[in-house]
Protein chains: 2
Amino acid sequence: MDPSSVLGKVMTILHAFSADDHGLSLAELQRRTGLPKGTLHRVAGDLVGAGLLDRRDGDFHLGSHLFELGMLASVERTLIEVATPFMEDLYERTHEVVHLGIREGTEVVYVAKVAGHKGARTPTRVGGRMPLHATALGKALLAHAPQDVWVTVLSGPLDRLTPRTLTAPGRLRSQLDQIVQQGVSYEYEESTMGVVCVAAPVLDADDRPVAALSIAGTVTRFRPEQHAASVRAAANGVAATLARRALLTEG
Amino acid sequence: MDPSSVLGKVMTILHAFSADDHGLSLAELQRRTGLPKGTLHRVAGDLVGAGLLDRRDGDFHLGSHLFELGMLASVERTLIEVATPFMEDLYERTHEVVHLGIREGTEVVYVAKVAGHKGARTPTRVGGRMPLHATALGKALLAHAPQDVWVTVLSGPLDRLTPRTLTAPGRLRSQLDQIVQQGVSYEYEESTMGVVCVAAPVLDADDRPVAALSIAGTVTRFRPEQHAASVRAAANGVAATLARRALLTEG
DNA sequence: GCCCATTGTTCCACTGGGTGGAACATCGCG
DNA sequence: CGCGATGTTCCACCCAGTGGAACAATGGGC
């Protein structure tokens, strides 16, 4: 993003915030953005006026208004609304962590997450991202993705998140072939030690993956294979509902 | 927002999108914003470059990146994370619609919503707003709000959403007093015909309301009074968890 | 296929919104 | 009180942003 433009500066400031932050002082914002102090002060102040940032006790926070705008994003909004009842079914069945995700490039973006008091401690977060190859959600999305996405992922570095992460392209490739056949994907501590997972894609009428659903649990207590059918059924339910909606909205 | 500035134009464009839209053409964006065509084309294009808008088949959509930024908003993020397990408890108990909301001015903003296949059809949406006085969530938040908020709400127009909406300040006021005593608020078709609700505030250490939880169901099948204790318990659980977190983050 | 209205894209002389270094104010700690 | 760090304000200058107009593309009706 070009910092000589206003929008570039706006995005530079918004990107300075991470999931670990609660609020940032002007001085910290300046350290992170490198914008000149006077400019930063002014643009941040304008962002507060616009509701994209809030300022409390001198610290800046991403604003509630940004949350509201974010929840208007039509893809995510529709998916959450349609998938929630199915995710609740999966949650009630297992009391484990249920995720809904979509593919963005070579990453999975978590769109929704249902968790109870006792579920596995997963490092996932709605709005957060993880590499496709290291997660069941990601692999389910990747398996049904266009060829060029396969090529990109299989030729790029397969980053290792845990000792169990698949980093050999050949092994990943044969897993993807298997996922296409089985209709579900599994993850065995590939993204997070101690966490296993089963996922199924939500496919549209042309069998392209628009999202995926998963259940994740701790390796000591959760058997992903036992839930393959219900995850697949939930994903199919979401797909059918989306299809029905698409029919309703077409003239 | 001042449309002579870049940020003003950005906000004007972002605000052109509503919950009913799936995508907007450049021509529709121009009709809604009134911005000059060339300027609109350029700024919208820049927003696409920045990830705040997506463009598909010629139509503009609020972008996935906006969703991701929105989910970084620290107040909402923390509340959702902490409240989700408690909301799941309430959902499992009732299979009705469970909401988490916060107060913004004289409105409730829905921060999270849990619904199954069979819950009441409520017109609520995460990120959406409703007047405080017409919803159980809103009344719970209002009852514990600072005096000036009471004054503002009670002196402003109490918009009627249904024939049952409370529009007499005196009646609202005595309800608020009751809510403070009882610890829960009720709604009987005041925001949506056919929908009843019970809500409880999430209070901080100084008894200020930081959020509220509710269960909404259809008037024919849901008895809000029967769930007052569990909603209150869930709200108290959220409050306790938030308090524990606040302790952890303090030096 | 032609015509026309609508939609979408590009251009550039001009200008005013935006700039950021510097001065000043405030705060917190030793 | 002194000092360093943080936060706020100012304004001469200038270049990022502008939008009317020209041009290109699209889609529908005849």
Side-chain angles (χ1 to χ4, degrees), chain A residues 1-18 20-63 65-66 69 74 246 249-251, chain B residues 1-18 20-63 65-66 74-75 246 249-251:
Chain A
M1 208 67 234
D2 175 26
S4 65
S5 67
V6 172
L7 188 54
K9 292 182 176 64
V10 166
M11 298 314 296
T12 298
I13 293 170
L14 295 181
H15 286 148
F17 293 85
S18 78
D20 299 324
D21 302 321
H22 286 275
L24 297 177
S25 66
L26 193 70
E28 183 60 29
L29 261 188
Q30 212 239 341
R31 277 190 289 273
R32 293 188 184 193
T33 59
L35 293 174
K37 199 163 48 166
T39 302
L40 175 60
H41 186 267
R42 182 169 37 77
V43 178
D46 290 342
L47 286 171
V48 170
L52 296 185
L53 293 187
D54 287 336
R55 193 167 197 190
R56 290 194 296 282
D57 300 325
D59 279 359
F60 293 95
H61 304 250
L62 290 178
H65 194 45
L66 194 55
L69 284 172
S74 64
T249 56
E250 280 174 8
Chain B
M1 208 67 230
D2 177 24
S4 65
S5 66
V6 173
L7 187 56
K9 291 181 177 66
V10 166
M11 298 314 296
T12 298
I13 294 171
L14 295 182
H15 286 148
F17 293 85
S18 77
D20 299 323
D21 302 321
H22 286 275
L24 298 177
S25 64
L26 192 70
E28 183 60 29
L29 261 187
Q30 211 239 342
R31 279 190 287 275
R32 294 188 183 194
T33 60
L35 291 175
K37 201 165 46 167
T39 301
L40 174 61
H41 186 267
R42 181 169 38 79
V43 178
D46 289 344
L47 286 171
V48 170
L52 295 186
L53 293 187
D54 288 335
R55 194 166 199 188
R56 291 194 296 282
D57 302 324
D59 279 359
F60 293 95
H61 303 251
L62 290 179
H65 194 45
L66 194 54
S74 63
V75 169
T249 54
E250 281 174 6

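Scope of the values below: all heavy atoms of this structure, side chains included, with no hydrogens, waters or symmetry mates.
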Rounded distance in Å - CG (B:D59) to P (C:dG8) = 8 Å
query = Between D:dG19 atom P and B:L26 atom CG, what is the distance in whole Å?
reply = 14 Å
key: Sub-4.5 Å side-chain heavy-atom contact between A:H65 and B:L14   = no
Interatomic distance, A:D46 CG vs C:dG18 C1' [rounded to whole Å] = 10 Å
ask   = Side chains of A:E28 and A:D59: does their closest heavy-atom pair fall under 4.5 Å?
value = no
note = Nearest-nucleotide check on DNA chain D, A:G38 vs B:P36; residue mapping nearer the 5' end is A:G38
message = In this structure, how many angstroms lie between the C1' atom of C:dA22 and the CD atom of A:Q30, rounded?
response = 14 Å
note = Which of C:dG18, D:dG7, C:dG8 is nearest the side chain of B:H41? It is C:dG8
query = Starting at CG of B:L40 and ending at P of C:dC11, how long is that distance when rounded to a whole Å?
reply = 18 Å
task = Ignoring backbone atoms, test whether A:R42 places a side-chain nitrogen or oxygen under 4.0 Å from the OP1 or OP2 oxygen of C:dG18.
result = no
query = If you check every side-chain atom of A:R31, which of D:dA16, D:dT18, D:dT6 has the closest atom?
reply = D:dT6
ask   = Would you say the side-chain atoms of B:Q30 pair up with the backbone N or O of B:L35, donor to acceptor, closer than 3.5 Å?
value = yes
key: Atom-to-atom span, NZ of A:K9 to P of D:dC15 - whole angstrom   = 13 Å
message = To check you understand the geometry: which heavy-atom pair defines the closest contact between A:A16 and A:T33, and what is its length?
response = CB-CG2, 3.9 Å
request  = When you get a sec, tell me which of C:dA23, C:dT19, D:dG19 is the closest nucleotide to the side chain of A:K37?
outcome  = C:dA23
note = Closest to the side chain of A:S5, out of D:dG17, C:dT19, C:dG18, is D:dG17
request  = Apply the test side-chain contact (heavy atoms from CB on, under 4.5 Å) to residues A:L53 and A:I13: give CA-CA distance (whole Å), side-chain angles for both, the deciding distance (0.1 Å), then the verdict.
outcome  = CA-CA 10 Å; A:L53 293 187; A:I13 293 170; 4.1 Å; yes
query = D:dG20 C1' sits how many Å from B:L35 CG, rounded?
reply = 15 Å
query = When you match A:V6 and A:R55 each to their closest nucleotide on DNA chain D, which lands nearer the 5' end?
reply = A:R55
query = Rounded to the nearest Å, what distance is computed from the CG atom of residue A:L7 to the P atom of nucleotide C:dT19?
reply = 12 Å
